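Some notes on the structure that comes next.
Atoms within a ligand are numbered from 1 in the order they appear, just like the ligands themselves. Computed from a prediction, not measured in an experiment: that's the story for all the values here.
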Amino acid sequence: QIPFGRRLPCDIYWHGVSFHDKNIFSGQVNKFPGMTETVRKITLTRAMRIMQDLFPLEYDFYPRSWILPDELSLFVSQFHTAKDSDPSWKPTYIVKPDGGCQGDGIYLIKDPGDIRLTGSTQSRPAVLQEYICEPLLVDKLKFDIRLYVLLKSLEPLEIYIAKDGLCRFCTEPYQEPTLKNLHQIFMHLTNYSLNIHSGNFIHSESGNTGSKRTFSSVLCSLSTTGVDSKKVWSDIISLVIKTIIALTPELKVYYQSDIPAGKPGPTCFQILGFDILLMENLKPMLMEVNANPSMRIGHERELSPGVFENVPSPVDEEVKVAVIRDTLRLVDPQKKKKKDTHLEDVRTNRSAKGRLRCITSLGKETNHSLECSSWATSDLKQAPEASEKLPDAAKSVEAALPSVCLRQVFPKYASYFNHLCLMDKVAALFIHFLGVKGTTRLGPTGFRTFIRNCKLSNSNFSMAAVDILYIDITRRWNSMSIDKESGMCLQAFVEAFFSLARKKYKLLPLQEQVSMLIEFCEKRVAALHGRRLVWGCG
Ligand code: ADP
């Protein structure tokens, strides 16, 4: 902790909340610029929707959602159309305020008329989402999975997933939502922060009982009932990779703005918390992504009114200590140096011993994890661990540490997912035309340059029409946005890009239209650069 400021550069910076220090020029920071904004409920919903438009079958793990208040009338009219065609249809929806956490301000509805549009928390922008009425139950209780994911690098994309996570249980037996039980948060919301206040909450010393359990123990007991745990894991890995692919375009825009290319800036990594619900049919559904998952390994117990005691939580400790330990192992600059030079340096050895002591003092390790639910899946095979590439001295230190809990899933399984990275290419075009470094918004001139350079204007689409398109889309997006920056944000540019693609390649499916326009633009930009290069060579 550096309460009075830092004088010397560090090799790893561990920030508490977000990437906020513009005076870091080297080393690695544990936060990505813009991550908090990117995973907010509304931004995440928009990013997922873009991917659902392009790849509906691949992105069916995120519930259908509407953004309030902007899409209220759209939702109401879709609701009534569906209801008119099937009067027996009785859906349930969940309303979640944007930027909220720990279940704050969340409520369930069965009728659009119950959406609360006035009052302090209720008037906040929110996401309205189809409620998953048939979750998988264990001991008659609804639960969700908190999984820890390390985004180790954005470019190239590197993702690791922890072998074990936490299952957070409701504290009232689950019943399908009815008007009577809609308000029972202990039945419908799995948040620990809410259920801890229920008289039924069970603190347990062991990871396989109580209101918070390890995912491995839940999976283990499910597999005794015939559940295919390999398939569950395979689907979860796929959900995580696809979600991060949906987030990377936005993150890249923030990254180039805060850490411009060519500058000796720091690199970033970040531990994310994925909240996943298993449906009765075992399909995992994404609830949300947390940029700042709680790393607490204890809870408070009220001894007498107002007097609290901190009690260790072995379940949290088992899962979270391993995540932080492995993150540090993976980003360890010493290890990188060792790998680069292959030198057996005594000094390094000593510091490694120091690290070992520090790790053991963090908490006892258990070998319980995933004994019965194999992580490796038949269709997704693991490659050798990074430690195999280490020199001998480092290997012996590695061998003394508990087994690795973070497993690489990307680029390891990249070949299954590369076709989904279309939006990265759109973001690359957007960043190319941003021009001024340090910005995340495209101005009208940048947009015009994009149209001109890519030769997208013609007799049917004049430059005046281009300006109107820019103004229309930008004005609408800026009226919905919370920050009042001017210019076109990436998601608005994507909307403009889709509209240009539809115009240019009529009648094709959207995915093909967008792919073709990307290819078209990339060729134009490359040709332009080629020509410039030739001119430059005289
Ligand atoms: P918060 O950030 O406030 O925790 P979440 O989106 O994680 O908001 O939702 C809180 C809880 O509500 C989830 O952990 C889950 O139990 C429940 N929940 C959220 N969305 C849905 C949904 N679409 N269907 C069923 N349950 C949901």
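- Atoms of ligand 1 found under 4.0 Å from any heavy atom of D144, numbered from 1 in the order shown, are 14 (O).
- An N or O contact shorter than 3.5 Å is missing between Y131 and ligand 1 by distance.
- The contact set between ligand 1 and T190, taken as ligand atoms under 4.0 Å from a residue heavy atom, comprises 13 (C), 14 (O), 15 (C), 16 (O).
- When M285, H188, Q102, M287 are ranked by how near their heavy atoms come to atom 21 (C) of ligand 1, first place goes to M287.
- A 4.5 Å side-chain heavy-atom check between D235 and K283 finds every atom pair outside the cut-off.
- Of the protein's non-hydrogen atoms, K96 NZ, 2.8 Å is the one closest to atom 6 (O) of ligand 1.
- By the neighbour-count criterion of 12 heavy atoms within 6.0 Å, atom NZ of K110 is densely surrounded, having more than that number from other residues, nucleotides or ligands.
- Looking at H203 and I196, their side chains come closer than 4.5 Å, going by heavy atoms from C-beta outward.
- Those atoms of ligand 1 that come under 4.0 Å of a heavy atom in I132, given as number and element, are 22 (C), 24 (N), 25 (C).
- To the nearest 0.5 Å, atoms CG (L141) and CG (N195) are separated by 9.0 Å.
- Within the structure, the closest approach of K142 to ligand 1 falls below 4.0 Å when heavy atoms are considered.
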Stepwise side-chain hydrogen bond (donor to acceptor under 3.5 Å, both in side chains) test for N181 and H188: CA-CA 9 Å; N181 69 34; H188 292 293; 3.0 Å; yes

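- A salt bridge links R168 with D144: the closest approach of a Lys/Arg side-chain nitrogen to an acidic carboxylate oxygen falls below 4.0 angstrom.
- Taking the charged nitrogens against the carboxylate oxygens, R476 and D70 have no contact shorter than 4.0 Å, which rules out a salt bridge.
- The residue among I106, L189, L286 with a heavy atom at the shortest distance from atom 12 (O) of ligand 1 is L189.
- Heavy-atom proximity to I94, at under 4.0 Å, picks out these atoms of ligand 1: 12 (O), 18 (N), 19 (C), 20 (N), 21 (C), 22 (C), 23 (N), 27 (C).
- Atoms of ligand 1 found under 4.0 Å from any heavy atom of K41 (numbered from 1 in listed order, with element): 1 (P), 2 (O), 3 (O), 6 (O), 8 (O).
- The closest approach between E130 and ligand 1 falls below 4.0 Å for a heavy atom of the residue.
- Nearest protein neighbour of atom 2 (O) of ligand 1, counting heavy atoms only, is E288 OE2, 2.5 Å.
- Taking a cutoff of 4.0 Å between a charged side-chain nitrogen and a carboxylate oxygen, K252 and D424 qualify as a salt bridge.
- Looking from atom 4 (O) of ligand 1 to the surrounding protein, the closest heavy atom is N191 ND2, 2.7 Å.
- Counting the atoms of ligand 1 from 1 in the order shown, those under 4.0 Å from a heavy atom of G103 are 1 (P), 3 (O), 4 (O).
- Note on R46 versus E250: no salt bridge recorded, every NZ/NE/NH1/NH2 to OD/OE distance being 4.0 Å or above.
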